[in-house]
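Chain A is the first sequence line, chain B the second, and so forth, proteins listed ahead of strands; every chain is numbered from 1. Just so you know, these numbers use all the heavy atoms, side chains as well, and skip hydrogens, waters and symmetry mates.
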Amino acid sequence: MSLTNEELLEMQRRMVRIRRFDERASKMVKRGQIPGTVHTSIGQEAQVVGACMALGDDDYMSGNHRSHGHPIGKGSPLGPLMAELVGKSGGVCGGKGGSLHLADFAVGSLGESGIVGSSIPIATGAALSSKVLGNGKVSLAFFGDGAANQGCLYEAMNLAGVWQLPVVFLCENNQYALSTPAHTVTSGVIADRAAGFGMPGVRVEDGQDAMAVYDAVSTAVERARAGDGPTLVEVVTYRYNEHSEGLRLGTDYRNADERTQWLERDPIVLFRRHLVETGVATDEEMDALEAEVLDEVEQAFQFSQDSPFPDPEVAFRDLYTEPIGVTS
Amino acid sequence: MSAQRTTRITLAKGLNMGLRRAMEDDPKVLVMGEDVGKLGGVFRITDGLQKDFGEDRVIDSPLAESGIVGTAVGMALRGYRPVVEIQFDGFVYPAYDQIVCQVAKMCYRSKGRTPMPMVIRIPFGGGIGAVEHHSESPEAQFAHTPGLKVVACSNPVDGYWMIQQAIASDDPVVFLEPKRQYHADKADLDETTTPEPLFASRVVRRGTDATVVAYGPTVKTAMRAAEAAATEGQSLEVVDLRTLSPLDLDPVYDSVRRTGRLVVCHEAHVNLGMGAEVAARVAEECFYSLEAPVLRVGGFDTPYPASRIEEDFLPDLDRVLDAVDRSLAY
């Protein structure tokens with residue numbers, strides 16, 4: 001379970017990628033360069049990357065509307081992701097998925113979905129395929145504290161428990177479903193609900209600590225791969241930005257003190273300090289890494305601008321593999 | 001080519017044989033659903049399949065339709081061809097989100113990278129003395145969803161071929177089975193013949209005075225109406241739509257251009273049902289051939305009623321003939 005220095009640096013690199021990618025995306029929304037809105041993972045980088053690094057390259061994952069962090073955490077190149085946000089033909093879904101569906105199937109994505117909770121049974125199905133095939137692949141379903149109250153989560157947990165499927169249910173508890181505080185709508189502790197399905201439930205209290213997330217998810221992944229069934233992992237974290245960029249709710253549902261406290265435990269700052277203090281890298285090397293990522297994001301932006309918009313005809317394609325006449 | 005081999009089968013048997021053959025032909029075909037394994041399904045459509053193909057390929061699932069269909073999506077993404085059984089029509093609604101938001105859209109939103117080769121089998125329609133949830137006709141809700149294909153079989157031979165064709169399709173197919181026909185009539189199946197394409201309508205009775213379009217359980221009603229009308233000197237042409245999305249209306253247009261009159265018959269509620277779409281398209285294509293307005297015969301716009309009055313709710317011989325008379329008298 002211990003990571004090599006190279007892997008530790010890759011973990012930091014992916015976290016910085018998510019931060020800079022989403023900061024750029026936020027600016028692009030404000031400048032009208034991205035139609036509609038985006039949901040950023042800023043503040044949740046340790047929770048996303050800690051989980052993704054615990055998976056193998058061939059393992060599967062499914063996500064949700066906050067869909068940028070997951071593929072980046074799993075190692076996707078940034079250009080096609082950025083182009084997808086802009087709706088360009090070079091996008092990871094050819095411009096037809098948009099911000100809510102940054103699904104890079106090349107890194108094991110099973111699709112991202114704007115319907116909260118909806119992708120959890122799909123990850124469970126991929127785990128069923130792994131079990132039938134005996135190929136040892138693990139499936140991880142990302143979902144938020146809001147989705148934790150959707151019925152399909154419990155349908156999927158029951159299926160996974162009774163069939164002992166290699167799946168990890170990963171609750172990204174950023175404590176707010178849009179404006180609704182989780183504690184006002186959630187009975188009990190989410191992780192404790194695992195007990196009802198006869199599976200381990202683990203709560204990572206400090207989701208800003210990438211290694212704590214990595215360790216918890218690694219244990220779950222190893223358990224799944226060994227054929228010992230599913231695990232529910234709840235990671236407590238915090239999103240810095242509004243639910244979505246540009247959203248003006250006109251009400252302060254999060255108090256300033258709370259926000260300040262979380263900002264003081266920034267996952268990227270914490271992990272950088274850890275890497276420097278343990279001698280994995282020097283401050284200069286970390287500066288260089290951050291500069292490289294900024295350059296990557298700039299190149300991704302350039303890629304998104306250079307990529308052509310899809311032909312309007314594309315709207316009538318790919319509805320079916322065997323086309324039927326689509327009426328306008 | 002093997003020698004002709006004729007078997008006399010019910011619709012239930014045809015579907016069972018078709019499923020069996022699809023599973024023999026392709027090891028990636030799986031059957032999932034409530035009580036489909038050991039029991040063989042409440043209507044026995046999957047009878048014997050688990051015994052012969054094992055628990056990994058005929059999977060008894062929990063009572064959780066959203067979980068079943070969602071899991072099937074995950075299996076389809078990994079190269080399987082799941083065939084999901086929804087136990088009764090009304091039980092499909094808990095899975096509606098998965099069908100409409102995932103099954104129907106996965107291929108499109110991924111720009112064709114992730115086809116959804118799955119079949120969702122739904123026993124539909126009434127006439128078995130059950131109540132709402134067990135007697136409904138939700139086809140228009142799925143035909144209204146781009147990304148799904150929707151078909152309805154009406155007879156044993158179609159059941160055998162159409163289920164295999166639906167499973168072989170790389171696109172998701174909602175497969176509607178008229179449950180009251182499962183064990184009603186027998187027909188001769190010759191497994192050595194070549195079936196018609198899946199997404200094609202068929203003229204099942206030739207006639208000259210008026211056209212009656214039906215699908216699923218009402219095909220039998222329409223045929224009986226045509227026989228009764230013939231005794232009074234009226235010649236009705238009957239078209240079995242078979243495919244509801246995509247619609248294949250060329251045979252209907254051809255027919256209406258000859259007869260000038262059209263009655264559409266289904267069990268589903270008339271308001272915004274399949275009949276409305278057929279009527280609109282026929283009006284667009286055959287306006288100058290029509291001698292009378294297109295009429296619709298269907299379920300009333302109420303929830304499916306208690307079983308003691310379902311015979312009043314379902315379109316029957318008399319209501320079809322009444323519509324034909326009104327059309328002819330126009």
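- Residue B:Asp248: no heavy atom, backbone or side chain, is found under 4.5 Å from chain A.
- To the nearest 0.5 Å, atom OG1 of residue B:Thr46 and atom CG of residue B:Asp60 are 8.0 Å apart.
- Comparing B:Ala64, B:Gly67, B:Gly147, B:Ser169 by how many heavy-atom pairs each has under 4.5 Å with chain A, the most go to B:Gly147.
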What verdict does the side chain to side chain contact (heavy atoms under 4.5 Å, CB included) test give for A:Val217 and A:Leu55, after you've listed the backbone C-alpha separation in whole Å, the side-chain angles of each residue and the deciding distance to 0.1 Å? CA-CA 8 Å; A:Val217 179; A:Leu55 294 171; 5.6 Å; no
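- Chain A forms the most heavy-atom pairs under 4.5 Å with one residue out of B:Pro146, B:Pro172, B:Ala72, and that residue is B:Pro146.
- Counting heavy atoms from C-beta outward, B:Gln165 and B:Met162 have side chains that approach closer than 4.5 Å.
- Two residues are said to be in side-chain contact when any heavy atoms from C-beta on lie closer than 4.5 Å; A:Thr124 and A:Trp163 fail this criterion.
- Within residues 138-150 of chain A, no residue has any heavy atom closer than 4.5 Å to a heavy atom of chain B.
- Both the backbone and the side chain of A:Leu110 come within less than 4.5 Å of a heavy atom in chain B.
- Only the side chain of B:Ile59 comes within contact range of chain A, judged by heavy atoms closer than 4.5 Å.
- Comparing A:Lys96, A:Arg317, A:Lys137, A:Lys131 by heavy-atom pairs within less than 4.5 Å of chain B, the highest count is held by A:Lys96.
- Residue contact with chain A, scored on non-hydrogen atoms closer than 4.5 Å, involves the side chain of B:Thr114 exclusively.
- For the residue pair A:Thr40 and A:His68, no side-chain donor N or O sits within less than 3.5 Å of a side-chain acceptor on the partner.
- Between B:Tyr253 and B:Val282, some side-chain heavy-atom pair lies under the 4.5 Å cut-off.
- Of the atoms belonging to A:Tyr60, it is side-chain heavy atoms, and not backbone ones, that fall under 4.5 Å from chain B.
- Residues B:Asp158 and B:Arg202 have side chains in contact (heavy-atom distance under 4.5 Å, counting atoms from C-beta outward).
- Among residues 91-108 of chain B, the residues having any heavy atom closer than 4.5 Å to a heavy atom of chain A are, in sequence order, B:Asp97, B:Gln98, B:Cys101, B:Gln102, B:Met106, B:Cys107, B:Tyr108.
- Most heavy-atom pairs under 4.5 Å with chain A: of the set B:Pro117, B:Ala76, B:Pro62, this distinction falls to B:Pro62.
- The pair A:Asp318-B:Arg109 does not meet the salt-bridge criterion, since no charged nitrogen lies less than 4.0 angstrom from a carboxylate oxygen.
- B:Asp89 places none of its side-chain heavy atoms less than 4.5 Å from the side chain of B:Leu176.
- In this structure the side chain of A:Leu102 reaches within 4.5 angstrom of the side chain of A:Leu85, judged on heavy atoms.
- At a 4.5 Å heavy-atom cutoff, B:Met116 makes no contact with chain A through either its backbone or its side chain.
- With chain B as the partner, the residue from A:Asn158, A:Ile120, A:Leu153, A:Ile122 showing the most heavy-atom pairs under 4.5 Å is A:Ile122.
- Checked options B:Asp254, B:Val256, B:Leu241; the residue passing with B:Leu249 is B:Leu241 (criterion: side-chain contact (heavy atoms from CB on, under 4.5 Å)).
- The shortest distance between side-chain heavy atoms of A:Glu112 and A:Leu100 does not fall below 4.5 Å.
- Interface remark: A:Leu133 contributes backbone and side-chain atoms alike to the contact with chain B (heavy atom separation under 4.5 Å).
- Between A:Lys74 and A:Asp104, none of the side-chain N atoms (NZ, or NE/NH1/NH2) sits under 4.0 Å from a carboxylate O, so this pair counts as no salt bridge.
- A 4.5 Å side-chain heavy-atom check between A:Met82 and A:Met28 finds at least one atom pair inside the cut-off.
- Atoms CE and CD, on B:Met32 and B:Glu85 in that order, are 12.0 Å from each other to the nearest 0.5 Å.
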